[in-house]
Amino acid sequence: MKIVFISCNDMGAGHIRRTAAIIREIMSIDYSIDALIITNSTYISLLNRVNIPYIILPHILSAPRSKVGSDSSRITKTLYNSILLSTIRLYSPNAVVFDTYADIDVVKALKAQGVFCILVYRKCNESTALKLIRSGAFTFFDKIVIPHDCDEFSFNMDGRIFSHFESINNAIFTGPIVHAVKCEHKIASPSRFVLFMPGGGGYDAIQLDFFKRCSWAIYNTDPTLKCIFPCGPFSSHPTDFCHNTEYLYDEIELSEYIKKCQFVISHGGYNSVNEIIRYGAKVIFCSFYRKTEEQNNRVLFYKSRKGTIIVDESIDSLDLQYEIIKLIQAEQPECNHISGAAKAASIIFNQIASKQSKRIISLTLEEIQKCRLGDFIEPSILIVRIGNIHENLSNEEVDKCIDRLTSFGVEECDIELWYREDSEKLILPNLLQHFTKKNLRKIVGILQTQISQNILYVTFEACRNIKTSTRYDLISESNLCGL
C-alpha cells in the first residue's frame, strides 16, 4: 500500500502536525506501508521525526499569507500543481490524503488516474465552507475525515451549512487530533512558568503587542513566574518582552511544557487548543483574525471549561493582571483523552485497503509447510508474508516455502520475506543475492538490537550493487509497534 500525504502549510504548523499524527497511527497499523509527505512546511525537525520520506515544495506566489522570502523564492499555482502531479504520478500511490486545502484540478486529475482521494477537512470559517460547498469540491473525494467532534464543528455554524456536512455520505467525524510526540529527553524548564502558544509558525505583527503586554502583566503579577515563548520558523527574535522570558526554538517537545506549566496563553489555533484540552492546562485564549480560520468560535466553544479565560486582544495591562490572578486561583481542568488521530488513521487505512485488490496474510514456515491448497480460497488475491520476528530463516527453507506457495497459485511478486536479522553480521545482502532470480515483493529484516550507522551503511552499499527488482528494508523491532 502506497500513500501520499499532502500538507500545505503557509505560516503555521497545524496542517503538518495533524498529518504527522495520522501517519504515526497508520504506521502503527501496518509498518510496511510506503508513505511520502509532500509539503511546503519548513519544520524540518518535525518532518525528520515522522521518519518517512518527504519532499518540500516552494510556497505558492498567490497564497494569502505567504511571506516566506522574496517573490523569486515562490512559484505560481500552475507550476506548483504541475510539480505536485508529476511527483505523485512517478510515486504511483494507491491513495492521496489532503489536509484541508486541495486544488480541485489536482484532485480531478488524480481521480482520472484511478487514485483514491481523501480529504482531512479542518473546520474553516463559513464563507470558506460555503465556497467549497457551492463549487461541489467535496463531491470529488472518496472519503472526508473531519477532525472535530460533531458538537464543536457545528458550534455557531449556520444550520444550513452544517446540514450539508451531515448529508455527505462519505464524511466522518473523528474527534480532535493531537500530535503526541515521545519526549526523548527531559526538558530544561523552570520550576514555575507560563507557556505562550502563538502558533507553530510563530507570532506575527498582529499578535506581537498582545504577547508583550502579557509578559509584563505576568511579571507584575508574580515576578517568580518565568515566560516560555516558542519562536516558529517565521518569527524574528522578540524584543521588549519582560526580562523573565526564555525563548524556545524547537516546538517538537511542546507537549511536555504544556503538562508542566502554570497556565498557557494561546492564540486559539487548532492544534494549540487540542493540546491544551488534552493535557488539562489552564489557559487564557485570545483569538486573532484569520482569513479562513475559525479561531474565535473554537475558543468560545470551551468558554464554560474550568480554568479557561477568553480575552480580547485590546485588553489593557491592569485587566490582564486581574485575569491572571483569577486564573491562578481557578480549579485545574481535567485531562481529556483525545483519540481522533487513531480513528482517522483507521478510517483512512480501511478505506484504502477496501479498494485494494489484494489482502495481506502472515504465515510462519511451519504454517506454510502444513497448509493445503484449500486454505487459499483465492490465492491470486493474497500477499503472503513468510516468517516473523522470532524466526531465523535459511535460504533452503525459504526456497521450499516459496515453491509450495507458487504451486498453490500465489505469484512470486505477492510474497514478502520477513526474518530476524543476525545480531553479529547482517545477512540481508546474502539473502538478496540468493533471491535475485525470484521476483519477490519485499525482503524485510527485523533488527533485534541497536546497529551502528557504519554497519547499516556498509550493508546497504552491498545491497545497491546487487541487481534486483525486489524491495528490501531493515526495521528496528521497536518500530513495529508504531513510531
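Residues take their numbers from the sequence shown, with the count starting at 1. Only this structure's heavy atoms are used, side chains among them; waters, hydrogens and symmetry mates stay out. All values derive from a computational prediction rather than experimental measurement.
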- [ ] Decide yes or no on side-chain contact (heavy atoms from CB on, under 4.5 Å) for I475 and L447, but give the supporting numbers first.
- [x] CA-CA 6 Å; I475 300 175; L447 301 172; over 6 Å; no
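- The CD atom of E25 sits 11.0 Å away from the CD1 atom of I348 when rounded to the nearest 0.5 Å.
- T39 approaches S7 most closely through the heavy-atom pair OG1-O, 2.5 Å.
- Contact annotation: the side chain of I33 approaches that of M27 to within less than 4.5 Å [non-hydrogen atoms, C-beta and beyond].
- Under the 3.5 Å distance criterion, the side-chain polar atoms of S163 are matched with a main-chain donor or acceptor of G159.
- Panel note: side chain S92, backbone R89; no donor-acceptor pair is recorded below 3.5 Å.
- Between I3 and the choices I118, D34, V97, N94, the side chain to side chain contact (heavy atoms under 4.5 Å, CB included) rule is met once, by V97.
- In this structure, F162 and F153 have tilted ring planes: the angle between them lies in the 30° to 60° band.
- Judged purely by atom type and a 3.5 angstrom limit, D149 has no side-chain atom pairing as donor or acceptor with the backbone of D151.
- Across every non-hydrogen atom of C214 and I265, the tightest pair is CB-CD1, 3.7 Å.
- In this pair, F138 and H164 present their aromatic rings tilted. The plane angle is within the 30 to 60° band.
- Of the possible donor and acceptor atoms, one in the side chain of E126 sits under 3.5 Å from a partner among the backbone N and O of D158.
- Rounding to the nearest 0.5 angstrom, the gap separating the CZ atom in R213 from the SG atom in C286 is 8.0 Å.
- For I104 against A137, the heavy-atom pair with the smallest separation is CD1-CB, 3.5 Å.
- By the 4.5 Å heavy-atom criterion applied to side chains, V178 and N271 are not counted as neighbours.
- Proximity of a side-chain donor or acceptor of D316 to a complementary backbone N or O of D319 within less than 3.5 Å is detected.
- A cation-pi arrangement is not found for R298 relative to Y270, the charged atom failing to lie both closer than 6.0 Å to the ring centre and inside a 45° cone about the ring normal.
- Partner D99 forms a salt bridge (Lys or Arg N to Asp or Glu O under 4.0 Å) with one of R17, R122, R18 and no other, that one being R18.
- Annotation: salt bridge (charged side-chain N to carboxylate O under 4.0 Å, His left out) contacts of K131 (sequence neighbours excluded): none.
- Between K226 and V194 there is no side-chain heavy-atom pair separated by less than 4.5 Å.
- Taking 4.5 Å as the limit, some side-chain heavy atom of F165 sits within range of a side-chain heavy atom of Y121.
- Atoms CZ and CD1, from F263 and I276 in turn, are 12.0 Å apart once rounded to the nearest 0.5 Å.
- Looking at heavy atoms from C-beta onward, D30 lies out of side-chain contact with I26 at the 4.5 angstrom threshold.
- Counting only heavy atoms from C-beta outward, the side chains of I284 and I324 approach each other to under 4.5 Å.
- Shortest non-hydrogen contact noted between V96 and P93 is CG2-CG, 4.0 Å.
- Note: R278 CZ to I338 CD1 = 7.0 Å, rounded to the nearest 0.5 Å.
- Closest approach of S266 to G268, counting heavy atoms only: OG-N, 3.0 Å.
- The distance from the SG atom of C8 to the OH atom of Y101 is 10.5 Å, given to the nearest 0.5 Å.
- For E334, the CD atom sits in a loose shell: 12 or fewer heavy atoms of surrounding residues, nucleotides or ligands are nearer than 6.0 Å.
- The only option from L36, I83, L110 that meets the side chain to side chain contact (heavy atoms under 4.5 Å, CB included) definition with I88 turns out to be L110.
- For the pair A217 and L320, the tightest heavy-atom approach, listed with the atom from each and the gap, is CB-CB, 3.8 Å.
- Geometrically, K260 does not engage F193 in a cation-pi contact, judged by NZ or CZ lying under 6.0 Å from the ring centre and within 45° of the ring axis.
- The distance from atom OH of Y219 to atom OG1 of T245, rounded to the nearest 0.5 Å, is 11.0 Å.
- Counting heavy atoms from C-beta outward, S317 and N220 have side chains that stay 4.5 Å or more apart.
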Task: Stepwise side-chain contact (heavy atoms from CB on, under 4.5 Å) check, I146 with K123 - done: CA-CA 8 Å; I146 302 176; K123 184 181 180 182; over 6 Å; no
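- Of the possible donor and acceptor atoms, one in the side chain of K282 sits under 3.5 Å from a partner among the backbone N and O of A330.
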TODO: Report the C-alpha separation of F5 and I38 in whole Å, then their side-chain angles, then the decisive distance to 0.1 Å, and conclude whether the side-chain contact (heavy atoms from CB on, under 4.5 Å) test is met.
DONE: CA-CA 6 Å; F5 293 87; I38 302 177; over 6 Å; no
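- Put simply, the side chain of D142 gets close to the backbone of C117: a donor and an acceptor are under 3.5 Å apart.
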TODO: Evaluate side-chain contact (heavy atoms from CB on, under 4.5 Å) for Y472 paired with V444, printing each intermediate quantity in order.
DONE: CA-CA 6 Å; Y472 54 89; V444 180; over 6 Å; no
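- Between the N40 side chain and the I60 main chain, no donor and acceptor come within less than 3.5 Å of each other.
- With no hydrogens or angles considered, no side-chain donor-acceptor pair links D103 and Y80 at under 3.5 Å.
- A distance-only check finds no donor-acceptor pair linking the side chain of S339 to the backbone of A342 [under 3.5 Å].
- Among pairs with a residue in residues 296-323, those fulfilling ring pair (Phe, Tyr, Trp, His ring centres under 6.0 Å) read F155-F301, at least two apart in sequence or across chains.
- Taking the side chain as every heavy atom from C-beta outward, I218 and F196 approach each other to under 4.5 Å.
- Not a single donor-acceptor pair under 3.5 Å links the side chain of T308 to the backbone N or O of V283.
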